[in-house]
Undergrad: 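Sharing a structure here in structure tokens format.
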Protein chains: 2
Amino acid sequence: MRKATTTIADVARKANVSTATAGRVLGNYGYASETVRKKVQKAARELGYRPNHLARSLIRGETRTIGVVVGDIQSPFYARIIRGISDVARASDMGLIITNSDEATDLEEQSVELLMDKKVDGMIVSPCDTINAAHLRAAHEAGIPMVLIDRRVKGLEVDSISLDSVGSARAGVGDLLRAGHRRIALVAELAGTGGMTIERIMSSSPPGPPDINYHYPSWQRLLGYLLAHHDAGIAPQSDLICQVKSYSSKVAAKKAVEILRSDTPPTALFTADGVMSAGVMAAVKEVGARIPDDISLLCFDDLDWMEFMVPGIDAISQPRKQMGQMAARLLMERIADPTSEPRVLDLVPRHVERGSIRQILTTEGVNGGPDA
Amino acid sequence: MRKATTTIADVARKANVSTATAGRVLGNYGYASETVRKKVQKAARELGYRPNHLARSLIRGETRTIGVVVGDIQSPFYARIIRGISDVARASDMGLIITNSDEATDLEEQSVELLMDKKVDGMIVSPCDTINAAHLRAAHEAGIPMVLIDRRVKGLEVDSISLDSVGSARAGVGDLLRAGHRRIALVAELAGTGGMTIERIMSSSPPGPPDINYHYPSWQRLLGYLLAHHDAGIAPQSDLICQVKSYSSKVAAKKAVEILRSDTPPTALFTADGVMSAGVMAAVKEVGARIPDDISLLCFDDLDWMEFMVPGIDAISQPRKQMGQMAARLLMERIADPTSEPRVLDLVPRHVERGSIRQILTTEGVNGGPDA
DNA sequence: AATTCATGTGAGAACGTTCACACAAAAGCG
DNA sequence: CGCTTTTGTGTGAACGTTCTCACATGAATT
């Protein structure tokens, strides 16, 4: 319980050199002869010297710490991403400060403020507001390296890594259509931020507002859903779109039960993320439907339990850990070179087939059908 | 992209006061008259002054940051715990540095070292070595506030929060026995650290080595399993104990398949944690057994999917988030008062019944039976 | 009028590093 | 031998705070 922390000055005194010299060998920068180096290291070892990173950071202007702000660290989606980030951070000998925003702008602002106060060398953010995000623009303006993950912010030109949500939803729903499904319900958050509405997105043909990349992934997945219908020449029905509006399994379950119990229930469900998937599973259990006989299911994001359900649940699998790793690497490179052109990356998820999709023989026969 | 960071000196100059005075009002410590206070605050606002926490930390000797080291942040168990910690940290306006140990001593040592380098005000650790843990003893010796979570270290007298693993496993397995099960398999990690062996733990009657609290929770759950048998006057059979030895679903699944396919399969399975539970579910699927008709199931740790499986899976539910919150609060209090007696807390999990346990009518009838 | 006392303020030294610079000694070069 | 260059070390000023003093005021008390 000794309070005496040994400093460079102590080491220098013991080794009979100046603090500057001792500093040079201990911080290894600048010249130092072999003999002096030995002497200083010996003294440091004997005194149990440990450099004070605070003082070093103060003068060097870098903390070797990066910050992360995500929606909710306990969701499997973010937890894996963070694991990926953490691995890269450890490999680079960097600390990792983590905060959650609970998908609320004010908490996200607080988080960013905390990270800036801690003088992180850079931050990885999953922004909850993709249109305004004044605090992120300010942080970027202030020159702090930033990488966006899963979502992008309109007009904010920083590195980012996301998924091809539109394309993979399009392909996944396409698989459902090719399996003969004609009434496919979409269960998605589709929160009303940024002025996007279901009407707006459905109004053009083919559907696709130009700024779709700056909206929540759930909107992109809706677009993919609509495009798949367009591809197949089938008119989508707006009563099959469950707009959950909040990021909640409970609400998703409620909505899903409603649609499953309606007079004209869907033959398949497509969920836009893991939270929705859990809600839908609860709904399926509540109405007592069997998969895939009564209802087919395709979920965005592959969760552990989907593999050992009987039958297994088809999923669009996102490389979550890899996303985290790449985000961290992008950030490291950005820190090393703040001026280069920002990079915008998109990963491609894949459809994992497990048997939760029933093949329906349509009158005109199955055209296409999944690979398996 | 301006590099000019405005300091207390700038504010002081603009407000025509000394840096000391400006420091007093901006850091609010010491005297400052109302007029001066107003002047300084105005100047600070106009210059957009933001205090440099690095410099403050250097001199004050506190960083307002706490560190956490857990096994793996992407496991639902730790993810929830961290969420709980994070909530309390945010409320206390503290930063949170997170690292994973992957249950390996050397990585844990690295993590602790990182945290000490970052000069955290305290740390919460889920130790992977409950016997030696020299680095934890050293950190404690060095006076840094520490709270252990989920596991304790022998002879290390610090605050800790765990679960009553022995008691709740004993109760849970007791429920299985009361339901008439006589061949109950335990699937648990039971890694061979610290010299504990199945033989040793089974050798006394009633079972229970005195230092059980300083072993992994899986050993404690084994003890609960044995005690439940002892309570019921039934001799446990060592061939029903699956020692997975690593923290891996895959291996757990393999072991579980073996025992399910043996000549004398169990009628019920008891898993010691979430990882084992996932493995067991995969095994049940692989052998094509139906729950609860062919095999009953009781899992330690309640995971999301257990609720919407058909039937639901009985679980011993651990208050994970609450554990995190309490750990963080313990740490805050320890930081505030480093000298008081360490507190050793145990939370009590509860058995959530969902229908994965079949009632077996024994020849002598069901004696007792669950509450429901 | 002299002494206390609370209330403010400022000068300057910490905190533990790094960094710019000066400078001495040794070495290279004509 | 004088000159530059290299190699190595020390001095002292940063970095941006907080903290310990000293020291003014002016009011209250003796």
Side-chain angles (χ1 to χ4, degrees), chain A residues 2-44 47-65 116-121 142-143, chain B residues 2-41 43-44 47-65 95 116-121 142-143:
Chain A
R2 63 186 50 173
K3 206 78 241 127
T5 159
T6 109
T7 76
I8 277 196
D10 299 328
V11 176
R13 206 170 308 122
K14 174 144 189 168
N16 274 319
V17 292
S18 70
T19 61
T21 320
R24 275 190 282 259
V25 9
L26 295 174
N28 54 285
Y29 51 92
Y31 289 111
S33 69
E34 202 48 40
T35 49
V36 162
R37 177 152 285 163
K38 281 271 179 3
K39 247 195 330 187
V40 171
Q41 278 163 346
K42 178 154 173 282
L47 292 174
Y49 169 76
R50 305 244 60 194
N52 184 324
H53 287 65
L54 243 39
R56 175 173 293 173
S57 294
L58 180 58
I59 193 164
R60 286 225 260 225
E62 54 155 57
T63 52
R64 299 202 64 75
T65 303
M116 303 215 36
D117 280 353
K118 297 275 182 236
K119 295 271 186 292
V120 293
D121 292 340
Chain B
R2 63 188 50 175
K3 207 75 241 130
T5 159
T6 108
T7 77
I8 278 197
D10 298 328
V11 175
R13 206 170 307 120
K14 174 143 187 168
N16 274 317
V17 293
S18 69
T19 61
T21 320
R24 274 189 283 259
V25 9
L26 295 174
N28 55 283
Y29 51 92
Y31 288 112
S33 69
E34 202 49 39
T35 49
V36 162
R37 177 153 285 163
K38 280 272 179 7
K39 251 198 324 191
V40 172
Q41 279 163 345
L47 292 174
Y49 169 76
R50 305 244 60 194
N52 184 324
H53 287 65
L54 242 41
R56 175 174 292 171
S57 294
L58 179 58
I59 194 164
R60 285 225 263 227
E62 55 155 56
T63 52
R64 298 202 65 74
T65 303
M116 303 215 36
D117 280 352
K118 296 275 182 238
K119 295 269 185 293
V120 293
D121 293 340

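Chain identifiers are assigned alphabetically (A, B, ...) following the order of the sequence lines, protein sequences preceding nucleic acid strands; residue numbering begins at 1 within each chain. Note that the structure is a prediction, hence the values are computed from the model and not measured. Atom set for the values below is all heavy atoms of this structure, side chains included, hydrogens, waters and symmetry mates excluded.
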Undergrad: Which is true for Ala9(A) with a 4.0 Å heavy-atom rule: it touches a base, it touches only sugar-phosphate, or it touches nothing?
TA: nothing
Undergrad: Nearest-nucleotide wise, let me know which of Ala32(A) and Pro51(B) is further upstream toward the 5' end of DNA chain D.
TA: Ala32(A)
Undergrad: Nearest-Å distance, NE2 (His53(A)) to P (dG16(C))?
TA: 15 Å
Undergrad: Measuring from the side chain of Leu58(B) (C-beta onward, heavy atoms only), which nucleotide among dT9(D), dG12(D), dC15(C) has the closest atom?
TA: dC15(C)
Undergrad: Between dG16(D), dT9(C), dT17(C), which nucleotide gets closest to the side-chain atoms of Thr5(B)?
TA: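 In terms of side-chain proximity for Thr5(B), the closest of dG16(D), dT9(C), dT17(C) is dG16(D).
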Undergrad: So which nucleotide from dT9(C), dT18(C), dT17(C) ends up closest to the side chain of Arg60(A)?
TA: dT18(C)
Undergrad: Where the side chain of Tyr29(B) is defined as all heavy atoms beyond and including C-beta, which of dT11(D), dT18(D), dT18(C) is the nearest nucleotide?
TA: dT18(D)
Undergrad: In the structure I gave you, are the side-chain heavy atoms of Ile8(A) and Val11(A) within less than 4.5 Å of one another anywhere?
TA: no
Undergrad: Could you work out which one of dG12(D), dG16(D), dT18(C) sits closest to the side chain of Thr7(B)?
TA: dG16(D)
Undergrad: Tell me the interatomic distance from Arg64(A), atom CZ, to dT17(C), atom C1', rounded to whole angstroms.
TA: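 Rounded to the whole Å, the gap is 16 Å.
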Undergrad: In whole angstrom, what separates Arg13(B)'s CZ from dG10(C)'s C1'?
TA: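 The answer, rounded to whole Å, is 15 Å.
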Undergrad: Could you tell me if the side chain of Leu26(A) sits less than 4.5 Å from the side chain of Val40(A), heavy atoms only?
TA: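 Yes, their side chains come closer than 4.5 Å.
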Undergrad: With the side chain of Ile59(B) defined as its heavy atoms from C-beta on, choose the nearest nucleotide among dA14(C), dT9(D), dG10(D).
TA: dA14(C)
Undergrad: Among the nucleotides dG16(C), dG10(C), dT7(D), which one has an atom lying closest to any side-chain atom of Tyr31(A)?
TA: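 Of dG16(C), dG10(C), dT7(D), dT7(D) is nearest to the side chain of Tyr31(A).
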Undergrad: Has Ser33(A) got a side-chain N or O lying under 4.0 Å from the OP1 or OP2 atom of dT9(D)?
TA: yes
Undergrad: Write down the distance between CZ (Arg56(A)) and P (dG16(D)), rounded to a whole number of angstrom.
TA: 18 Å
Undergrad: Between dT17(D), dG10(C), dT9(D), which one does the side chain of Thr21(A) approach most closely?
TA: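 Among the listed nucleotides, the one closest to the side chain of Thr21(A) is dT9(D).
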Undergrad: Contact between Leu58(A) and Asn52(B) at the side-chain level, heavy atoms closer than 4.5 Å - yes or no?
TA: yes
Undergrad: What does Arg37(A) touch in the nucleic acid at a heavy-atom separation under 4.0 angstrom: a base, only the sugar-phosphate, or nothing?
TA: nothing
Undergrad: Provide, to the nearest angstrom, the distance between the CG atom belonging to Leu54(A) and the P atom belonging to dT18(C).
TA: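 Atom-to-atom, Leu54(A) to dT18(C), this comes out as 13 Å.
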Undergrad: Between Arg37(B) and Gln41(B), is there a side-chain heavy-atom distance shorter than 4.5 Å?
TA: yes
Undergrad: Between Ile8(A) (CD1) and dT17(C) (C1'), how many Å, whole number?
TA: 6 Å
Undergrad: Taking the nucleotide of DNA chain D with the closest heavy atom to each, which residue, Thr19(A) or Val36(A), is nearer the 5' end?
TA: Val36(A)
Undergrad: Going by heavy atoms in the side chains, are Arg56(A) and Pro51(A) under 4.5 Å from each other?
TA: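 The answer is yes, as the side chains (C-beta and beyond) meet within the 4.5 Å cut-off.
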Undergrad: So if I take every side-chain heavy atom of Arg24(B) and compare against dT9(C), dT9(D), dA14(D), which nucleotide ends up nearest?
TA: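 Comparing dT9(C), dT9(D), dA14(D) against the side chain of Arg24(B), the answer is dT9(C).
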Undergrad: Flag the pair Lys118(A) / Thr63(A) as yes when at least one side-chain heavy-atom distance between them is below 4.5 Å, and no otherwise.
TA: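 Not in contact.
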Undergrad: From CG of Asn52(A) over to C1' of dA14(C), roughly how many Å is that when rounded to an integer?
TA: 14 Å
